[in-house]
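Convention: sequence-line order gives letters A, B, ...; per-chain numbering from 1. What you see is a predicted model, and the numbers here were worked out from it, not measured in a lab.
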Amino acid sequence: MGLDIRLPIGLMFCVLGPILLISGIANGESLSTQTGAAMLAFGAFMLTFGVRGQLRAGRTGDG
Amino acid sequence: MMQELHVQLTSVDWAVVAVYFAFVLGIGFVLRRYMKSSEDFLESGRSLPSWITGLAFLSANLGALEVMGMAGNGYKYGMLTAHYYWVGAIPAMIFVAIFMMPFYYGSRARSVPEYLKLRFDEKTRGLNALSFAVLTVLMSGINMFAMAVVFKVMLGWDFEVSVVISAAVVLGYTYLGGLTSSIYNEVLQFFLIVFGFAPLAIVSVAKAGGWSGIEARLAEIGPGLLQAQTPSLSAADAAAQVSGFTHIWSSVGSAHSNPMGIEVIGLVMGLGFVLSFGYWCTDFLVVQRALAAKDMASAQRTPLIAAVPKMLFPFLVIIPGVAAAALALPMPVEDGVTRYDFTLPLLLKEFYPAGMLGLGLSALLASFMSGMAGNVTAFNTVWTYDIYQAYFNKGASDQQLLRMGKQATFWGVVASIGAAYLVRNFSSLMDYMQLLFGFFNAPIFATFLLGMFWKRATPNGAFYGLASGISAGVIHHVIKTMGVITYASDAAAAFYGAIVSWSTCFFVTIAVSRFTMPRDDNELRGLVYSLTERPRSGVAWYARPSTFAIVVAIIALGLNIYFF
């Protein structure tokens with residue numbers, strides 16, 4: 001359907017993760033820091049696979 | 001109104017909520033240019049991979065009642081609530097994947113009611129389509145109402161503000177991007193729900209001293225909690241029931257030996273068979289997600305992929321409720337009634353710092369919205385194909401269907417707003433809705449079971465069986481309300497009501513079918529098990545849906561044994 005869903009998911013988590021990470025570090029809240037880091041890692045993971053998927057779809061003309 | 005739940009959001013919390021809204025709407029905006037035909041808009045072009053449809057299959061079911069209700073039940077009944085997952089969902093999800101999906105997907109039916117039309121006739125489709133359309137819009141309204149209540153209690157928002165915002169966002173992305181947008185957002189919302197609630201589960205269990213700490217605390221304070229819920233409960237009975245908090249099977253030998261008031265037969269037959277199969281195997285809200293898959297194998301894998309996170313969801317929503325009970329967190333009380341359904345918001349307020357609170361609220365919003373959008377997209381499809389095209393414009397062109405699909409989306413959301421106001425003014429309507437769903441969902445599974453696996457089932461048999469099953473459910477409820485028959489709990493009454501309803505439909509369908517004309521075998525090919533060729537799968541054994549189903553069943557069995 002043109003849009004690889006992993007891209008918006010990855011992007012959203014790459015935006016939300018740092019917000020929580022920075023807020024956690026600034027306020028000394030380990031829960032926010034750890035959750036933010038986990039979300040950032042997940043976002044990066046999804047984004048990587050989303051970009052790869054989109055490039056592959058572009059090459060095969062599926063996109 | 002429950003001031004103890006009021007929270008003050010910081011700018012970080014608002015930023016998290018704003019980012020969530022931006023992405024949800026952005027997905028609809030990007031997808032709008034791909035909506036060129038009714039198939040694109042209402043069926044997602046049957047183009048999606050199974051991991052997407054699988055997560056959407058689960059997420060569409062994660063409405064307000066699911067997430068908030070299950071956490072509340074975790075506090076009230078403990079791990080017994082996990083029966084709604086490990087008995088009340090997983091077996092049915094395996095069954096629909098392996099045995100029913102080949103007929104749904106293979107028949108090219110665009111909806112569940114349309115399968116009924118192909119297998120039986122127009123009147124059975126009409127009955128199913130009309131009841132489904134009405135109930136779906138009402139359920140969407142209930143989600144909207146529940147969300148508005150949560151945000152009024154937690155943020156002090158006006159009811160109108162919550163309803164308008166949620167309706168506008170859901171309308172925005174479903175109108176722009178149709179079913180694909182709804183499904184894509186359900187996947188995004190699924191991950192947000194997991195990341196929003198998983199830290200809460202970890203923190204609440206840790207605060208209660210881990211699982212062993214929870215068991216020890218509940219052994220000590222559990223009887224007191226149970227007596228607070230049911231003042232008439234004796235100390236001895238309360239002590240006997242307390243194992244239900246942490247074990248799921250050892251206390252269901254009798255309805256009086258567990259806090260839910262359920263026993264094995266009602267549990268297995270009522271919940272595990274009739275209600276569960278009635279929902280997961282026939283409700284178009286979830287089946288629609290599988291029908292959007294790109295091929296038959298993906299459609300079959302859809303419920304199986306959904307089953308994996310589904311069986312882990314008790315750890316996300318029930319166990320925090322159990323931990324809250326172990327910590328003896330005082331539940332909010334409104335008009336003298338303890339509001340267990342506010343367990344999750346209470347835990348969010350108790351354990352989440354700034355930022356995380358925004359994430360938790362976004363996760364709550366995501367669960368409400370995925371439930372609402374799921375209902376709206378199922379409604380617009382049934383309305384367009386099974387009511388508009390079937391009764392008002394048989395020769396409708398594809399562009400007319402696309403236009404009607406979009407209009408149905410708009411009016412579905414408007415009707416949901418109306419339903420939310422109805423529920424607000426008639427609070428008992430919410431209970432009646434659950435009841436109504438039971439009346440319709442329980443017998444319909446008998447209709448499908450006979451329709452798919454017994455070629456002799458006739459159109460008249462199906463229609464009169466279904467009508468009798470619905471009537472039997474209503475009569476059972478009336479008799480129960482009059483006090484002629486009594487049950488240990490409302491849950492037990494619902495389970496046995498479903499059994500009565502299903503059995504009536506099953507036997508009346510068989511009886512009427514015996515005396516009426518079946519359809520010709522040639523018309524039923526691809527619709528009935530015995531008349532459908534099953535091509536040999538060229539897929540390796542480990543990649544087959546049946547292998548996946550066995551793995552899912554083993555994990556579910558393991559969970560049942562661990563928490564026995």
Considering only heavy atoms and a distance below 4.5 Å, find which of B/Tyr352, B/Phe191, B/Tyr20 pairs most often with chain A.
B/Phe191
Check each atom of [X] against the heavy atoms of chain A and say whether the ones under 4.5 Å are side chain, backbone, both or neither.
X: B/Ile52; result: side chain
X: B/Val16; result: both
X: B/Phe195; result: both
X: B/Leu192; result: both
X: B/Ala354; result: backbone

Which answer fits [X], side chain, backbone, both or neither, if we ask what part of it has an atom under 4.5 Å from a heavy atom of chain B?
X: A/Leu11; value: both
X: A/Ser32; value: both
X: A/Ile9; value: both

Within-4.5 Å side-chain heavy-atom neighbours: [X] and [Y]:
X: B/Ser298; Y: B/Tyr105; result: no
X: B/Ser37; Y: B/Leu402; result: no
X: B/Phe57; Y: B/Ile305; result: no

Within 45° of the six-membered ring axis of B/Tyr34 and under 6.0 Å from that ring's centre, is NZ or CZ of B/Arg32 located there?
no
Cation-pi geometry met for B/Lys207 and B/Phe351 (6.0 Å, 45°):
no
At a heavy-atom distance under 4.5 Å, which candidate from A/Leu7, A/Val15, A/Leu20 has the highest pair count against chain B?
A/Leu20
A/Ile22, A/Ile19, A/Asn27, A/Leu31: which one forms the most heavy-atom pairs within less than 4.5 Å of chain B?
A/Leu31
How are the rings of A/Phe42 and A/Phe13 set to each other: parallel, tilted or perpendicular (split at 30° and 60°)?
perpendicular
List in chain and number order the residues that pass ring-ring contact (aromatic ring centres under 6.0 Å, His included) with B/Phe41, two or more places apart in sequence or in another chain; answer none if no residue qualifies.
none
Pairing of B/Arg289 and B/Glu186 as salt bridge, 4.0 angstrom limit:
yes
